[in-house]
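Report on one structure; see the data block that follows.
All values below come from the heavy atoms of this structure, side chains included, with hydrogens, waters and symmetry mates left out. Along the sequence shown, the residues carry numbers beginning at 1.
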Amino acid sequence: MNTIDTDVVVIGAGAAGLVTALSARGRRVCILTADDPLKSGAASDLARGGIAAAVGLDDSPALHVKDTMAAGCKENAVRVTRFVCEEGPGTIAFLHALGVPFTRELGTWSLHREAAHSRARVLHANGDQTGAAIMATLRLHVAESSHIEMLPNTQAVRLLINGAVNGVLAITEGGQPLAIRAHAIVIATGGIGGLYSRSTNPIGACGDGLAMAIDAGARATALPFVQFHPTALKVDARPQPLLTEALRGAGAKIVDERGVSVMREYHRLGDLAPRDIVARTIYTLECVGRNVWLDATGVRDVCSRFPAAYQACLSYGFELAQEPVPITPAEHYHMGGIAVDLDGRSSLPGLWAVGEAACTGFHGANRLASNSLLEAVVLGRRLGQALNREYRHPASELIASAVVSDQWVDEETERVLRECMWRSMGLVRDARGLSEGLTCIARLRERTSALALLTRQRLGLAEHMMRAAAGQRVNRGAHYRSDAEEEPVHRVVHLI
């Protein structure tokens, strides 16, 4: 088995991973990515809404904190939430200095309002392609950084432990095992959307970093809190095209077959209600055979202001500027993850995490729109700085056995798993559905080869999520059970 040594391994090349690597300038950093790093394959590239920060004259970090905690049902970690929101304005200045082309109007930032925000505080770049603009800038700086080495087309499959987490076992493009020894392993692998039949995430975002960490014994938290975006384009696609929430901020409406507004009778904020409520409303309407549409025909300059949404609709034969388009909820973001502190330290020595794969408590039970890119950059910078301060003790010897397999993933098992997760861990859950889901996972595990290591770890993650949801009997934010013992009345949608 080939072995290499470095100071820090970052698993994942989204915004959180790249910012962490850039900020750890005092260390040799190796970034592992299962894709070609020059391609737009990360979830961060697909971020359509923008990045939230309290930079407006009528705004403040305190108001941003208030909105974040309201959307998160006050399940948020207060210290973390204050820190991230207070760092917001400085983070925009940092990204602007790097070269991110945020839109400006009359010499100041162009700010937009999205669901559950009390102020217009969302910045855009290149219309609704903010994530792609940020990622393009970060990739340029990574390519120019002498302390960073990128290993493309390299899939991490297992954490290596010898007293502490001191390495990672990976598989190269040619299928050869590679062991990498390091003083710190950072998991920045993004979300879990690939575990669901409907998701806006890249299909490779299957929660592998979280699954590896759980398999190694790391503590995970908030696993039941899975956010479903209410306005994915209703087409047969993986991933499903995302129609940004900013469309509704600009005046688009969610309507039924008759063109009547759907949300106004279910929440005082109407179309700009929190995502969990909007998504659950649409889902429950679907369950009784009704279709739901997004009507953006009244949005000024929708084609030029939202080019990604416009082109996505056009590619499936819909003219966004001239007709309502069909929408459906889809898995979008996981608030849960590897439990870490503000610096990104996990419960296992040597293991760190950042971005969607981590859980600091910032998002609480339901993420506020456009807070994910902010968290990725703010906490990526903080983690990189913590790694610079960390004492570099001699790394222990790796304990890694050669793993030989020509099938790391069982495609049939994963197809069944995606349907199982949608049924049992979807927008509305209950004890019976969760029990059936756990039975399904047990059967899938029995028939799946031990050599399909990634699939078996994904099954383990799905099981942990379902067991956590089964134990969470009170509805909070994105976790909703129809058989809950207690239901906060202001967050329940009664349609069936």
Side-chain angles (χ1 to χ4, degrees), residues 68-77 80-81 115-116 191-193 195-201 207 210 214 219-230 266-267 273-284 286-287 329-339 356-369 371-372 375 418 420-438 441 461-496:
T68 298
M69 296 196 67
C73 304
K74 298 186 178 179
E75 295 282 325
N76 318 64
V80 176
T81 305
I192 61 169
L195 298 180
Y196 283 83
S197 58
R198 296 191 210 171
S199 175
T200 63
N201 290 184
L210 174 55
I214 289 174
R219 189 170 74 86
T221 188
L223 294 181
F225 297 124
V226 182
Q227 185 177 83
F228 296 83
H229 200 288
Y266 296 114
H267 196 279
R275 281 182 178 173
D276 63 309
I277 293 179
V278 180
R280 199 159 55 245
T281 301
I282 297 172
Y283 174 76
T284 48
E286 286 185 343
C287 288
E331 192 283 337
H332 185 60
Y333 192 89
H334 191 201
M335 278 71 70
I338 302 165
E356 191 174 350
C359 180
T360 62
F362 173 52
H363 301 299
N366 190 37
R367 178 175 67 88
L368 181 66
N371 265 355
S372 53
E375 180 197 35
R418 289 193 292 269
C420 174
M421 287 289 284
W422 183 256
R423 289 193 308 270
S424 298
M425 277 294 294
L427 288 88
V428 178
R429 306 157 186 172
D430 58 30
R432 179 179 177 180
L434 291 166
S435 177
E436 290 174 350
L438 289 168
I441 288 173
L461 171 56
E463 179 181 2
H464 275 79
M465 291 176 64
M466 288 187 191
R467 292 195 183 281
Q472 176 75 29
R473 297 180 179 276
V474 176
N475 290 333
R476 289 287 186 273
H479 173 69
Y480 181 84
R481 287 181 55 163
S482 58
D483 60 349
E485 296 173 353
E486 176 184 337
E487 299 177 348
V489 175
H490 66 289
R491 301 192 67 80
V492 178
V493 177
H494 296 290
L495 291 175
I496 297 179

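Between the side chains of Asn366 and Gln227, a donor-acceptor pair is found at a separation under 3.5 Å. Remark: the Thr68 side chain and the Asn371 side chain contain an N/O donor-acceptor pair separated by less than 3.5 Å.
Put simply, the side chain of His334 never gets that close to the backbone of Ala357: no donor and acceptor are under 3.5 Å apart. A distance-only check finds a donor-acceptor pair linking the side chain of Arg481 to the backbone of Ala469 [under 3.5 Å]. Of the possible donor and acceptor atoms, none in the side chain of Ser435 sits under 3.5 Å from a partner among the backbone N and O of Ala431. Judged by distance alone, with hydrogens and angles left aside, the side-chain atoms of His464 form no donor-acceptor pair with the main-chain N or O of Ile214 at under 3.5 Å.
Aromatic ring centres of His363 and Phe225 lie farther apart than the 6.0 Å criterion allows. Two rings, from Phe228 and Tyr283, have their centers 6.0 Å or more apart.
The CG atom of Asp276 sits 6.0 Å away from the SG atom of Cys73 when rounded to the nearest 0.5 Å. If you take CD on Glu286 and OG1 on Thr281, they are separated by 11.5 Å, rounding to the nearest 0.5 Å. Distance CZ/Arg432 to OG/Ser482: 11.0 Å, rounded to 0.5 Å. Remark: Arg275 CZ to Leu368 CG distance equals 8.0 Å, nearest 0.5 Å. In this structure, the separation between CE on Met465 and CG on Leu434 is 10.5 Å, given to the nearest 0.5 Å. Atom CG in Asn475 sits 9.5 Å away from atom CZ in Arg429 (nearest 0.5 Å).
The minimum heavy-atom distance linking Ile192 with Asn201 is given by the pair N-OD1, 3.8 Å. Across all non-hydrogen atoms, the minimal contact from Ala220 to Leu210 is CB-CD1, 4.2 Å. In terms of heavy-atom proximity, Met421 sits nearest to Ala462 at SD-CB, 3.6 Å. Contact record, Ala478 with Val226: CB-O, 3.2 Å, taken as the closest heavy-atom pair. Considering all non-hydrogen atoms of both residues, Leu427 and Ala279 come closest at CD2-O, 3.4 Å. Here the closest non-hydrogen pair linking Ala115 and Ala273 is CB-O, 3.3 Å.
Scored by the salt bridge (Lys or Arg N to Asp or Glu O under 4.0 Å) test, Glu463 finds Arg445, Arg467 as partners (sequence neighbours excluded). Every ring-ring contact (aromatic ring centres under 6.0 Å, His included) that His229 has, sequence neighbours left out, goes to His332.
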Derivation and outcome, side chain to side chain contact (heavy atoms under 4.5 Å, CB included), residues Ser372 and Arg367
CA-CA 8 Å; Ser372 53; Arg367 178 175 67 88; 3.2 Å; yes
Can Thr360 and Glu375 be said to form a side chain to side chain contact (heavy atoms under 4.5 Å, CB included), step by step?
CA-CA 10 Å; Thr360 62; Glu375 180 197 35; 3.5 Å; yes
